[in-house]
Amino acid sequence: MEREVDFGQGSGPTPLRRSVPGPQPRDAARASLVVGWDRHPDSTAALRFAVDLAHRLTAHVHVVHIVDLDDIPVDPDAPDWEEQLRATITGEAARARELLDGLAASWTYHSGHGGAAELLAIVAERYSALMVVIGSPRGGMMSHLDSVLGQSVAQGLIGKRRTPVLLVPGTESSDEGGPPAG
């Protein structure tokens, strides 16, 4: 069940407009974590890490999916373009929910348009998050350009200096990604 969310940004529209609550928690959350999410392996590693950390801390997880060019269908003139976009976004949410459903605490899935660092910071501030968890940069030329141009999500969050940022290294295997046992 999607619902509109007021993020307290004044009377103007906010880029984070949809929120899908998870199931009722089995345990009351003692903290909250915010994690950035997309279909890339580094993001999956970050989500797996955040889920494991949430188990240990009995924390509520706020998953934030920033709708970007990777989500947009290739043919903008396709008659079912909006349906394709909706299906892609719904598929991303379903993949995240598979990892979240085992949490003893609750979770919420947020999605919206805009700059990733800004949207993650908005959710972190709104819910007084203990930390923001993100995957490592993807690497390559575009990642390097993002860093040089100040578009790096990690740099953007660090620049906000309100909530600590945990950068989770990517993994080669999708079975990895949680923190070491301890």
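Each residue takes its place number in the sequence, starting with 1.
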To the nearest 0.5 Å, how far apart are [atom1] in [X] and [atom2] in [Y]?
{"X": "Leu100", "Y": "Ser106", "atom1": "CG", "atom2": "OG", "value": "10.5 Å"}
{"X": "Trp107", "Y": "His62", "atom1": "CH2", "atom2": "NE2", "value": "12.0 Å"}
{"X": "Ile66", "Y": "Leu119", "atom1": "CD1", "atom2": "CG", "value": "5.0 Å"}
{"X": "Leu167", "Y": "Ile158", "atom1": "CG", "atom2": "CD1", "value": "8.0 Å"}
{"X": "His65", "Y": "Asp38", "atom1": "NE2", "atom2": "CG", "value": "6.5 Å"}

Show the nearest heavy-atom pair for residues [X] and [Y], with the distance to one decimal.
{"X": "Ala45", "Y": "Pro169", "answer": "CB-O, 3.9 Å"}
{"X": "Ser32", "Y": "Tyr127", "answer": "OG-O, 3.0 Å"}
{"X": "His60", "Y": "Thr108", "answer": "NE2-OG1, 2.9 Å"}
{"X": "Gly36", "Y": "Ser43", "answer": "O-OG, 3.5 Å"}

Show me the pairs that pass salt bridge (Lys or Arg N to Asp or Glu O under 4.0 Å) and involve residues 93-106, at least two apart or across chains.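 Found Glu92-Arg95.
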Are the side chain of Thr163 and the backbone N or O of Ala124 linked by a donor-acceptor pair below 3.5 Å?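 Not at all, since once roles are kept as given, no pair shorter than 3.5 Å links the two residues.
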Partners passing side-chain contact (heavy atoms from CB on, under 4.5 Å) against Asp77 (at least two apart in sequence or in another chain):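 side-chain contact (heavy atoms from CB on, under 4.5 Å) list for Asp77, sorted by chain: Asp75.
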My understanding is that only residues two or more places apart in sequence, or in another chain, count here; which of them pass side-chain contact (heavy atoms from CB on, under 4.5 Å) with Glu83? Asp80, Arg86
Can we say Asp52 and Arg48 salt-bridge, meaning some charged N sits less than 4.0 Å from an Asp/Glu carboxylate O?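 A salt bridge is absent here (no side-chain N lies under 4.0 Å from a carboxylate O).
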The residue among Val51, Leu130, Val132 that forms side chain to side chain contact (heavy atoms under 4.5 Å, CB included) with Leu33 is Leu130
Ile134 and side chain to side chain contact (heavy atoms under 4.5 Å, CB included): which partner among Val168, Val35, Leu120?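 With Ile134 as partner, Val168, Val35, Leu120 yield a single side chain to side chain contact (heavy atoms under 4.5 Å, CB included), made by Leu120.
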Assess whether side chain to side chain contact (heavy atoms under 4.5 Å, CB included) is satisfied between Val64 and Tyr109, documenting all intermediate values. CA-CA 6 Å; Val64 180; Tyr109 186 89; over 6 Å; no
Test item: side-chain donor near acceptor, His40 and Asp42, under 3.5 Å: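 There is no such pair between these side chains.
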